Amino acid sequence: MKLLRVGPPGGERPAVLAEDGTLLDLSGAITDFDGDFLADGGINRVRGLLELDLPPLRGRGLRIGPPLRRPGKIVCVGLNYHDHARETGVTPPAEPVLFLKAPDTVVGACDEVLVPHGGDKTDWEIELAVVIGRTARYLSPADDALEYVAGYAISHDVSERGFQLERGGQWDKGKSCETFNPFGPWLVTRDEIPDPGHLGLRLWVNGTLRQNGNTKDMIFDVPEIIRYVSQFMTLYPGDIVNTGTPAGVALGMPDPKPYLRPGDLVELEIDGLGRQRQRLGVAW
């Protein structure tokens, strides 16, 4: 299934995308898509609702918001593609590099992305996002980590490299500016993506293909990431794990690096997970 939230910011309604492309309104039976929904067997409830005559969502040009209402936390994995590590001149890490991104960075897949005040090195990063569906703590290699996944989506891990790398060494400074995590357009349930380790990822800036990778190039695959993260923090339903980006970011290009500027257009897609499209604006 493809679950999405439709409507203006703060007024989104839960919906499901039918096989014929129709948006079906779930708001009469489902309050919202969030951690409580996932923890309470919400995905199975939606499967049951699909057997009923659900009303379509009316109106053209409806905004698609993020498919989850305010995630609990966003855990990110840095330098997790062999080619991205090479382009940045870094030795591939022996263990996953983890950092956190503020949950309020999440916006819709086609919402405006804002260059922050004082930022002049805003960069793009397409990532496979894993949405947690069951509480995961201290998973062992014997555990099937994918059983803890509710589904997958596209995350755009926008980064302000000057804040990230030149302002005291804390990556979070360059990762948590407002609008810095477009997410969606929909949450694709786990059953539709049997192998998250073989998905193509592509990103264009102003029509030029900049990133063209595949999750098979990950240093640490999705099950290993979930098991590893669960050793250091508890993962709860509604948490998001951004699993890293392939080569092709502005940071890895020769000077002058083509960082994003107001007016630029970024488009992203991952096999089976839909497409994003954002115009860059300014935060002041």
Side-chain angles (χ1 to χ4, degrees), residues 4-5 8-12 32-35 63-78 80 97-132 151-165 167-168 170-187 201 203 205 211 225 229 233 235-245 249-251 259-262 264 266-268 270 273-274 276-284:
L4 63 160
R5 299 168 67 247
E12 295 94 344
D32 210 341
F33 298 145
D34 55 17
R63 169 184 175 268
I64 297 178
L68 280 179
R69 182 180 66 84
R70 184 63 77 87
K73 58 180 171 286
I74 304 173
V75 185
C76 303
V77 184
N80 193 36
V97 175
L98 302 182
F99 60 94
L100 295 175
K101 196 167 182 121
D104 61 5
T105 59
V106 168
V107 294
C110 295
D111 287 348
E112 185 179 45
V113 169
L114 301 175
V115 175
H117 180 66
D120 61 0
K121 297 178 180 177
T122 303
D123 206 347
W124 58 83
E125 294 189 46
I126 184 172
E127 306 208 5
L128 172 66
V130 178
V131 177
I132 300 300
Y152 304 94
I154 303 171
S155 265
H156 186 184
D157 177 23
V158 186
S159 306
E160 174 46 55
R161 301 300 191 187
F163 297 175
Q164 177 188 355
L165 303 173
R167 299 293 297 274
Q170 296 298 317
W171 281 21
D172 295 19
K173 295 176 184 176
K175 297 288 188 173
S176 290
C177 303
E178 60 180 323
T179 74
F180 264 27
N181 203 130
F183 178 58
W186 39 68
L187 169 62
L201 310 88
L203 180 147
V205 179
Q211 291 185 275
I225 289 169
V229 172
M233 63 190 84
L235 291 170
Y236 294 101
D239 287 350
I240 296 172
V241 181
N242 288 345
T243 57
T245 198
V249 300
L251 178 66
Y259 289 117
L260 295 170
R261 297 288 182 258
D264 284 348
V266 184
E267 298 170 282
L268 312 81
I270 296 179
L273 300 183
Q276 297 188 357
R277 185 179 189 271
Q278 299 117 32
R279 185 73 67 177
L280 273 288
V282 293
W284 67 90

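Please read these numbers as outputs of a predicted model, since none were measured by experiment. As a basis for the values below, the full set of heavy atoms in this structure was taken, side chains included, without hydrogen atoms, waters or symmetry mates.
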Task: N-O pairing of D120 and R261 below 4.0 Å - done: no
TODO: Would you give the length of the straight line joining atom OH of Y259 to atom CG of L280, rounded to the nearest 0.5 angstrom?
DONE: 14.0 Å
Open item on the list: Apply side chain to side chain contact (heavy atoms under 4.5 Å, CB included) to residues F183 and V131 and explain how you reach the verdict.
Closed with: CA-CA 11 Å; F183 178 58; V131 177; 3.8 Å; yes
Open item on the list: So which atom in L273 and which in W186 form the shortest heavy-atom distance, rounded to 0.1 Å?
Closed with: O-NE1, 3.4 Å
Open item on the list: For Q278 and V107: C-alpha separation, side-chain torsions, deciding distance, then whether side chain to side chain contact (heavy atoms under 4.5 Å, CB included) applies.
Closed with: CA-CA 10 Å; Q278 299 117 32; V107 294; over 6 Å; no
Open item on the list: Looking at every non-hydrogen atom in both residues, tell me the closest pair between P9 and E12 and how far apart they are.
Closed with: CA-OE2, 3.5 Å
Open item on the list: For I154 versus G274, what's the shortest heavy-atom pair and its separation?
Closed with: CD1-O, 3.2 Å
Open item on the list: Are the side chains of I74 and V106 in contact, using a 4.5 Å heavy-atom criterion?
Closed with: yes
- [ ] For residues I270 and L268, determine if any side-chain heavy atom of one lies less than 4.5 Å from a side-chain heavy atom of the other.
- [x] no
TODO: Apply side chain to side chain contact (heavy atoms under 4.5 Å, CB included) to V77 and L98, showing your working.
DONE: CA-CA 5 Å; V77 184; L98 302 182; 4.0 Å; yes
Open item on the list: With no hydrogens and no angle check, just 3.5 Å: does a side-chain donor-acceptor pair link T245 and Q211?
Closed with: yes
Open item on the list: Keeping D239 on the side-chain end and Y236 on the backbone end, is there a donor-acceptor pair under 3.5 Å?
Closed with: yes
TODO: First locate atom CH2 of W124, then atom CD of E267, and finally report the distance between them rounded to the nearest 0.5 Å.
DONE: 13.5 Å
Task: Donor-acceptor contact present, side-chain D123 to main-chain V249, <3.5 Å - done: no
Task: Closest approach of R167 to G162 (non-hydrogen atoms, all atoms of both residues) - done: CG-O, 3.4 Å
Open item on the list: Looking at R5 and D32, is there a salt bridge between them, counting it only when a charged N and a carboxylate O are closer than 4.0 Å?
Closed with: yes
- [ ] Inspect the contact between D157 and K101 and indicate whether a charged nitrogen and a carboxylate oxygen are less than 4.0 angstrom apart.
- [x] yes
Task: S176 side chain vs K173 backbone, donor-acceptor pair below 3.5 Å - done: no
- [ ] Determine whether more than 12 heavy atoms belonging to other residues, nucleotides or ligands lie under 6.0 Å from atom CZ of R279.
- [x] yes
- [ ] To the nearest 0.5 Å, tell me how far F180 CZ sits from T105 OG1.
- [x] 9.5 Å
Task: Non-hydrogen atoms of S155 and N181 that approach each other most closely - done: OG-ND2, 3.1 Å
Open item on the list: Using 0.5 Å steps for rounding, measure from the SG atom of C177 to the CG atom of L114.
Closed with: 10.0 Å
Open item on the list: With heavy-atom distances below 4.5 Å as the criterion, would you say the side chains of L100 and D172 are in contact?
Closed with: yes
Task: Test side chain to side chain donor-acceptor pair (under 3.5 Å) applied to E125 - qualifying residues, sequence neighbours left out - done: S159, R161, K175
Task: Any side-chain heavy-atom pair of V158 and T179 under 4.5 Å - done: no
Task: Close side-chain approach of V115 and P262, heavy atoms under 4.5 Å - done: yes
Task: Between E127 and T243, a side-chain donor and acceptor under 3.5 Å - done: no
TODO: Please examine the side chains of I132 and I240, heavy atoms only from C-beta on, and report whether any two atoms are closer than 4.5 Å.
DONE: no
TODO: Could you check if a side-chain atom of V266 sits within less than 4.5 angstrom of a side-chain atom of H156, using non-hydrogen atoms only?
DONE: yes
Open item on the list: Assess the residue pair L235 and V229 against the criterion (side chain to side chain contact (heavy atoms under 4.5 Å, CB included)); give the C-alpha distance rounded to whole Å, side-chain angles, the decisive distance to 0.1 Å, and a yes or no.
Closed with: CA-CA 8 Å; L235 291 170; V229 172; 3.8 Å; yes
- [ ] Heavy atoms only: give me the nearest P182-G108 pair and the separation to one decimal.
- [x] CB-O, 3.8 Å
- [ ] Decide yes or no for P116 and F163: does some side-chain heavy atom of the first lie under 4.5 Å from some side-chain heavy atom of the second?
- [x] yes
